[in-house]
Amino acid sequence: MQRGRIIYMANCRVCHNADPNLPGSQGPPIAGSSRELVEARVLNLVYPPGYAPKRKTHAMRSIPTLAPEIDNIVAFLAAAKKPGPGARA
């Protein structure tokens, strides 16, 4: 998970937010995002079938060099996910 945090902070936080539960300057909150979504967006700039984007912006760029790090990024995003209002612990 620590490796994913380092990768996220170096590549994603500038647009999304240092806290992936919060919206960023250009990107939506992404804490808890599925592997399928992270891989599709980071590597190919597409969305998985049936996924409705949270924003209509097209500022994101693909980072194919992160292919070996997708699982680490997803692990960090899963660990960072905070329960929403009214969620039970």
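- Pro28 places none of its side-chain heavy atoms less than 4.5 Å from the side chain of Pro23.
- The distance from atom CD1 of Ile73 to atom CD1 of Ile63, rounded to the nearest 0.5 Å, is 7.5 Å.
- Gln2 contributes atom CD, which lies 10.5 Å from atom CG of Asn72 (distance to the nearest 0.5 angstrom).
- A pairwise comparison of heavy atoms in Glu36 and Pro49 identifies OE2-CD, 4.1 Å as the closest pair.
- Closest of all the heavy-atom pairs between Pro20 and Phe76 is CG-CE2, 3.9 Å.
- To the nearest 0.5 angstrom, Leu45 atom CG is 4.5 Å from Ser62 atom OG.
- Leu37 approaches Ser33 most closely through the heavy-atom pair CD2-OG, 4.0 Å.
- Residues in residues 13-31 take part in these side-chain hydrogen bond (donor to acceptor under 3.5 Å, both in side chains) pairs, two or more places apart or across chains: Asp19-Asn21, Asp19-Lys82.
- Under the salt bridge (Lys or Arg N to Asp or Glu O under 4.0 Å) criterion, the residue pairs touching residues 40-69 are Arg3-Glu69, with sequence neighbours excluded.
- In this structure, SG on Cys12 lies 7.5 Å from CG on Leu77, to the nearest 0.5 angstrom.
- In the hydrophobic clustering of ILVMFWY residues, with side-chain heavy atoms under 4.5 Å counting as a link, Met9 and Ile30 come out together.
- Residue Val42 is tested with Val74, Ile7, Leu66 for a side chain to side chain contact (heavy atoms under 4.5 Å, CB included); the sole match is Leu66.
- In plain terms, the two heavy atoms of Met1 and Ala75 that are nearest each other are CG-O, 3.7 Å.
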